[in-house]
Amino acid sequence: MRSFTYERAKDPVSAAQAVAGRQGAKFIAGGTNLLDLMKIEVETPTHLVDVQDLGFDRIEKTPEDGLRIGALVTNTDLAADARVRRDYAVLSRAIVAGASGQLRNKASIAGNLLQRTRCPYFYDTNMACNKRKPGSGCAAIGGYSRQLGVIGVSKSCIATFPGDMAVALRVLDAVVETVDASGQPRAIPIADFHRLWEDRPEQDTVLRPGELITAVTLPRPLGGAHFYEKVRDRASYAFALVSVAAVIQPGGTGRVAFGGVAPRPWRVEAADALLPQGAVAVTARAFQGATPTRDNAFKLPLATRALSAVLAQAAAQTGA
Amino acid sequence: MSDLPKLEMSRRGVLAGTAVTAVVAASPAIGAPSAPARSAPPASMPVHFDVNGQRRELSLDPRTTLLDALREHLHLTGTKKGCDHGQCGACTVLVEGKRINACLSLAVMHEGNAITTIEGLGTPDRLHPMQAAFIKHDGYQCGYCTPGQICSAVAVLDEIKREIPSHVQADLAVKPSATDAEMRERMSGNICRCGAYSNIAEAMAEVVGAEVAGAKA
């Protein structure tokens, strides 16, 4: 690990200023992804600003009957919250489908949104990777790409956003709240938060330097039946090959987002509208224009089957 | 051949070699960085925390993980370094009563925290019930993952009591119970290269059974 200096921020704006004003400075919260990457020198911050004392650790009701989740709430605490389990079950389900108990106890929800791809070429500093080293090329294209993206990818990068929680947040239309070094707040819809790679895969999100996540808000509950179906290489503690987050209403309408397939949680509203017609219609629309590799073309039929399984469960539960 | 270093075999050396092999097998594409230029280490920082009920004060390079602080600075070598990347669970300790991977946390981030390691759960003369159950049910072979398994197992039973949900829970509205399926899912962050999983599950079930019997008595 490269050496760095460390400070504990006392308030959000001074934390944002400490990162914005210093080349190579980064925020650290749970640290479970950042420290992993620092050990192999994929991440080499020169200064860490620890945000654990900023008090963003509460889950509160909003005036609109939604929930405001502090950025530092742990994955465990969010999944266990009684209101989340009752009204936003897709979110609890997505969180407990990811990582291990130890990691969920430490990982913050802001850090979960900011976790970096698990593309093996991003992790291997001997390999070309435009995301790790802009302009160096992409060894994943033409390489071992079984886990990688099938849609929304580019000629520069075919990595996926690897998380589960954000896929549920996309179905729920969550909003990411931030503050910058001048104290200016910003509300970013989750749909716009993660970028498509295009020719700048080194930039995962739309956050600007020093912009600090303070909370994630959920709109009022959607009702309906909530599902998170995750398909992976082992039964627990593995990243998704394909995942499906869905909220299905009686009558068969609803919303669906897919994980493990793209640079961001993949939801196409026009495909949501096809839910009453069944999984084949939905995935045909959601994955229109997909560019799978030979290794990961299996993800397209797998997405259809995973959604079929969800819709069968929904029909059994709601009579839809 | 004559310029090869003399091979000295020890149990520790074999175990360290085994752990490294396991990590390489789990992550074939992770390579070592190519000889980066090292900058001068930054000034040490003071940190204090309570470890197994004792106040400990240290002055550490900020890079020092909680795991390395425990093992290399406080010489509490019960907690093990397996993969050092949060994948194997050998470094599991309890911080403020909750299990975490000590390898993926900086020591300086734990100012003032209460930390419990395997040495603080029980002693050879006064075993924690989970330690006694692991011995009774042979919940290990080489023993390297065992301190992490035991710390995790103790925390899992507590998490079930605190109604933390899990992936295998059928109904999120119903209190989870310590079934075999629940315990196996919740223990998935602890890898055992020897494959002692079924005995670990039996040890945990015994502790659950004793607690239930104790509650009824």
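A note on names: the letters A, B, ... follow the listed sequences, proteins ahead of strands, and every chain is numbered from 1.
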Verify side chain to side chain contact (heavy atoms under 4.5 Å, CB included) between A:Leu34 and B:Leu104, making sure each step is shown before the conclusion.
CA-CA 9 Å; A:Leu34 181 58; B:Leu104 286 186; over 6 Å; no
Just do the side chain to side chain contact (heavy atoms under 4.5 Å, CB included) check on B:Asn101 and A:Thr32 with the steps written out, would you?
CA-CA 8 Å; B:Asn101 298 115; A:Thr32 53; 5.8 Å; no
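Contact of the B:Asn190 side chain with the A:Tyr237 side chain is not registered, since no non-hydrogen atoms from C-beta on lie closer than 4.5 Å. Using a 4.5 Å cut-off on side-chain heavy atoms (C-beta onward), A:Asn105 and B:Glu159 make contact. Between B:His85 and A:Ile40, some side-chain heavy-atom pair lies under the 4.5 Å cut-off. With contacts defined as side-chain heavy-atom distances shorter than 4.5 Å, the pair B:Val108/A:Asp50 does not qualify. Annotation: side chain of A:Arg8 is in contact with side chain of B:Glu111 (closest heavy-atom distance under 4.5 Å). For the pair A:Lys39/B:Thr65, a side-chain contact is recorded, criterion being any heavy-atom separation below 4.5 Å from C-beta on.
For a residue to count as touching a neighbouring chain, one of its non-hydrogen atoms must lie under 4.5 Å from one of that chain's; by this rule A:Leu48 touches chain B with the side chain only. Both the backbone and the side chain of A:Asp36 have a heavy atom closer than 4.5 Å to some heavy atom of chain B. The contact between A:Ala29 and chain B is made entirely by backbone atoms, counting heavy-atom distances below 4.5 Å. With a threshold of 4.5 angstrom between heavy atoms, A:Arg85 approaches chain B through its backbone and through its side chain. With a 4.5 Å cut-off on non-hydrogen atoms, B:Ser105 touches chain A through its backbone and its side chain both. Contact of B:Met109 with chain A is made through backbone and side chain together, with heavy-atom distances under 4.5 Å. For chain B, no part of A:Ala82 is nearby; none of its heavy atoms comes within less than 4.5 Å.
To the nearest 0.5 Å, the span separating CG on B:Leu172 from CG on A:Leu91 amounts to 10.5 Å. Annotation: the span from B:Ile164 atom CD1 to A:Asp77 atom CG amounts to 6.5 Å, rounded to 0.5 Å. Here the NE2-OG distance, from B:His167 to A:Ser92, works out to 13.5 Å after rounding to the nearest 0.5 Å. From B:Met45, atom CE reaches atom OG1 of A:Thr5 across 8.5 Å, with rounding to the nearest 0.5 Å. The CD1 atom of B:Ile100 sits 11.0 Å away from atom OG of A:Ser100, with the distance rounded to the nearest 0.5 Å. Atoms OG and CZ, on B:Ser166 and A:Arg104 in that order, are 8.0 Å from each other to the nearest 0.5 Å.
Between B:Pro165 and A:Ala79 the shortest heavy-atom distance is CG-O, 3.3 Å. Of all non-hydrogen atoms in A:Gln102 and B:Ser152, the two that sit nearest each other are NE2-OG, 3.4 Å. B:Glu185 and A:Ser236 make their closest contact through OE1-OG, 2.9 Å (heavy atoms, listed as atom of the first residue, atom of the second, distance).
The main-chain N or O of A:Met1 is found under 3.5 Å from a side-chain atom of B:Arg63 such that the two form a donor-acceptor pair.
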